[in-house]
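Worksheet for the structure shown next.
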Amino acid sequence: AELGVERRFVPESCPRAVRPGDFVRYHYLGAFPDGTRFDSSYDRGSTFNVFVGKGQLIAGMDQALVGMCVNERRFVKIPPKLAYGTEGVPGVIPPNAVLHFDVLLIDLWNSEDEVQVQTYFKPEKCPRTVQVSDFVRYHYNGTFLDGTLFDSSHNRMRTYDTYVGIGWLIPGMDQGLLGMCVGEKRIITIPPFLAYGEDGDGKEIPGQASLVFDVVLLDLHNPKDGIAIENQLVPESCERRSQTGDFIRYHYNGTLLDGTLFDSSYSRNRTYDTYVGKGYVIAGMDEGLLGVCTGEKRRIIIPPHLGYGEEGRGKIPGSAVLVFDIHVVDFHNPSDSVSVTVHYKPSNCTVLSKKGDYLKYHYNASLLDGTLLDSTHSLGKTYNIVLGSGQVVLGMDMGLQDMCVGERRTVVIPPHLGYGEDGVEGEVPGSAVLVFDIELLELVSGLPEGYMFVWNGEVSPNLFEEIDQNHDGEVLLEEFSEYIQTQVDTGKGKLAPGFDFEKIVKNMFTNQDRDGNGKVTAEEFKLKDQEAKEEHDEL
């Protein structure tokens with residue numbers, strides 16, 4: 001005679017229970033006391049959807065549903081007076097029938113509901129939150145209130161990318177995403193009138209369904225965004241900042257806004273080398289590399305319209321904000337020349353180095369960031385060269401000019417006057433600016449340009465006869481070499497310093513041996529001032 005309600009399953013969590021005026025979606029089996037089934041929502045493949053307490057149900061069911069939780073199961077016995085009474089339903093329910101219902105509540109909401117947001121993880125740092133017109137990338141699991149999964153971006157292994165607040169999303173999601181931080185995780189519960197309404201989406205989502213989205217925000221930007229720069233380390237001394245047209249070498253770690261690493265120059269153990277402001281890199285990086293100092297570390301945040309756009313590239317998804325943590329190793333301009341800074345110059349600095357001089361000096365060689373490449377101090381011996389003879393890189397030949405013994409200077413050499421784009425494998429990186437700290441220890445003055453040997457006094461008028469010791473009218477290399485050696489030893493003549501004696505003498509002899517037969521005759525033999533200007537170095 002009375003309504004009977006048996007709670008056969010009650011979920012542990014019941015944040016909300018049915019109240020009169022709520023809209024519910026539930027499955028049921030309807031049977032008579034003898035077990036004969038007269039109706040089933042399962043057979044129709046859809047829930048029964050109805051308002052509670054508004055007279056849309058038989059009175060017993062209106063009462064029995066109150067207080068139910070989503071996923072709760074109740075066994076309900078309804079007497080005739082709270083069901084179909086003395087009349088029944090012709091052909092289906094006889095008069096005065098007691099009805100048994102096995103009910104499983106799937107969904108409930110109220111027309112006064114709003115979007116519910118529950119944040120269960122929020123990063124400590126949240127420099128920016130989602131605003132209307134922002135573009136976001138997020139992952140989600142979409143379920144109904146009973147936990148049934150209807151969609152997941154994780155399963156597709158691709159984020160959902162969209163604008164917020166301009167109608168690209170269901171209204172409830174537009175609201176639920178506002179105020180989120182990158183990395184934040186929240187649960188957004190949306191009533192159907194802010195989702196897909198009475199009709200559903202025609203696929204997975206039925207009509208009048210509440211939706212629950214478990215969302216993690218991976219990325220956010222606005223189409224009006226420019227790049228953002230965060231200076232992490234700026235050297236105290238910054239004599240020069242990068243400009244358009246400079247060539248720069250830098251290390252970087254490239255990540256997405258959520259911290260996912262997509263590239264790193266460190267992993268390749270090689271800097272990224274490029275021109276600045278010339279379109280060789282993405283527009284945001286071109287801009288972000290301007291105004292940096294050597295040794296500076298900065299973070300450059302690049303929106304996708306200044307990065308790889310909607311399509312992305314490789315490991316970079318479309319519409320992704322990029323974060324580059326860069327460390328500037330060096331930069332130069334192709335128009336740069338050698339830079340010389342004198343730290344000490346002796347007071348009696350009268351003899352200055354020039355082309356052809358033989359120099360002995362110590363140096364420490366490093367990159368612009370201070371990385372030591374080489375040092376003569378560690379070898380315990382000087383570096384010895386003939387200035388201007390191509391024995392060192394062109395920039396060093398230039399940097400050692402006009403230096404006096406005892407002077408100390410720093411010479412900065414751009415790569416086009418150093419080791420160029422290729423560098424020296426295992427020693428000097430390609431396109432590297434070089435820094436040499438130099439101390440000149442010894443200088444031996446060279447000969448005038450074009451001369452390998454000069455006389456310190458008058459030249460004998462019978463020079464050929466003096467060289468031709470056996471007076472056979474022919475001078476062999478051995479005779480020539482012995483004669484030159486004697487002139488040097490006795491101080492009558494001087495060889496160009498810094499070169500191998502045998503090579504110089506052989507070169508001089510070859511120039512005199514005009515027919516190439518290994519002998520020099522009196523007719524072939526000529527002094528330097530007797531030669532045409534275009535000929536090779538002679539006596």
Would [X] and [Y] pass as an ion pair if we require N to O under 4.0 Å?
{"X": "D263", "Y": "R268", "answer": "yes"}
{"X": "D151", "Y": "R156", "answer": "yes"}
{"X": "D500", "Y": "K506", "answer": "no"}
{"X": "D225", "Y": "R128", "answer": "yes"}

Please check if any side-chain donor atom of [X] sits under 3.5 Å from a side-chain acceptor atom of [Y], or the reverse.
{"X": "T143", "Y": "D214", "result": "no"}
{"X": "D357", "Y": "S445", "result": "no"}
{"X": "Q131", "Y": "S133", "result": "no"}
{"X": "Y250", "Y": "D330", "result": "no"}
{"X": "Q232", "Y": "D325", "result": "yes"}
{"X": "H139", "Y": "S153", "result": "yes"}
{"X": "N141", "Y": "S152", "result": "yes"}
{"X": "D437", "Y": "N364", "result": "no"}
{"X": "D161", "Y": "S319", "result": "no"}
{"X": "E184", "Y": "T119", "result": "yes"}

Does the side chain of [X] reach to within under 4.5 Å of the side chain of [Y], using non-hydrogen atoms?
{"X": "V115", "Y": "T189", "value": "no"}
{"X": "V338", "Y": "L417", "value": "yes"}
{"X": "D397", "Y": "Q401", "value": "no"}
{"X": "E230", "Y": "R298", "value": "no"}
{"X": "E421", "Y": "P415", "value": "no"}

What is the minimum heavy-atom distance between [X] and [Y], and which atoms define it?
{"X": "I300", "Y": "L289", "result": "CD1-N, 4.3 Å"}
{"X": "P334", "Y": "G245", "result": "CD-O, 3.6 Å"}
{"X": "M285", "Y": "I302", "result": "N-CD1, 3.5 Å"}
{"X": "V386", "Y": "G356", "result": "CG1-O, 3.6 Å"}

Quick one: does [X]'s side chain have a donor or acceptor within less than 3.5 Å of a partner on [Y]'s backbone?
{"X": "R409", "Y": "G399", "result": "yes"}
{"X": "S353", "Y": "D402", "result": "yes"}
{"X": "E407", "Y": "C404", "result": "yes"}
{"X": "N507", "Y": "N511", "result": "no"}
{"X": "D513", "Y": "V520", "result": "no"}
{"X": "R137", "Y": "V321", "result": "no"}
{"X": "S378", "Y": "S375", "result": "yes"}
{"X": "E524", "Y": "D515", "result": "yes"}

Rounded to the nearest 0.5 Å, what's the gap from [atom1] on [X] to [atom2] on [Y]? Could you check?
{"X": "F509", "Y": "E502", "atom1": "CZ", "atom2": "CD", "value": "14.0 Å"}
{"X": "F262", "Y": "L256", "atom1": "CZ", "atom2": "CG", "value": "6.0 Å"}
{"X": "L218", "Y": "T260", "atom1": "CG", "atom2": "OG1", "value": "7.0 Å"}
{"X": "I248", "Y": "I326", "atom1": "CD1", "atom2": "CD1", "value": "6.0 Å"}
{"X": "F499", "Y": "M452", "atom1": "CZ", "atom2": "CE", "value": "5.0 Å"}
{"X": "L373", "Y": "E427", "atom1": "CG", "atom2": "CD", "value": "8.5 Å"}

Ring centers of F480, F525 separated by less than 6.0 Å: no
Between [X] and [Y], how do the two ring planes meet: parallel, tilted or perpendicular, split at 30° and 60°?
{"X": "F247", "Y": "H332", "value": "tilted"}
{"X": "F135", "Y": "H221", "value": "tilted"}
{"X": "W455", "Y": "F453", "value": "perpendicular"}
{"X": "Y266", "Y": "H251", "value": "parallel"}

Has [X] got more than 12 heavy atoms of other residues, nucleotides or ligands less than 6.0 Å from its [atom1]?
{"X": "R240", "atom1": "CZ", "result": "yes"}
{"X": "E465", "atom1": "CD", "result": "yes"}
{"X": "Q469", "atom1": "CD", "result": "yes"}
{"X": "Y280", "atom1": "OH", "result": "no"}

E311/R313 under salt bridge (charged side-chain N to carboxylate O under 4.0 Å, His left out): CA gap, chis, key distance, verdict: CA-CA 7 Å; E311 301 300 323; R313 177 184 292 184; over 6 Å; no
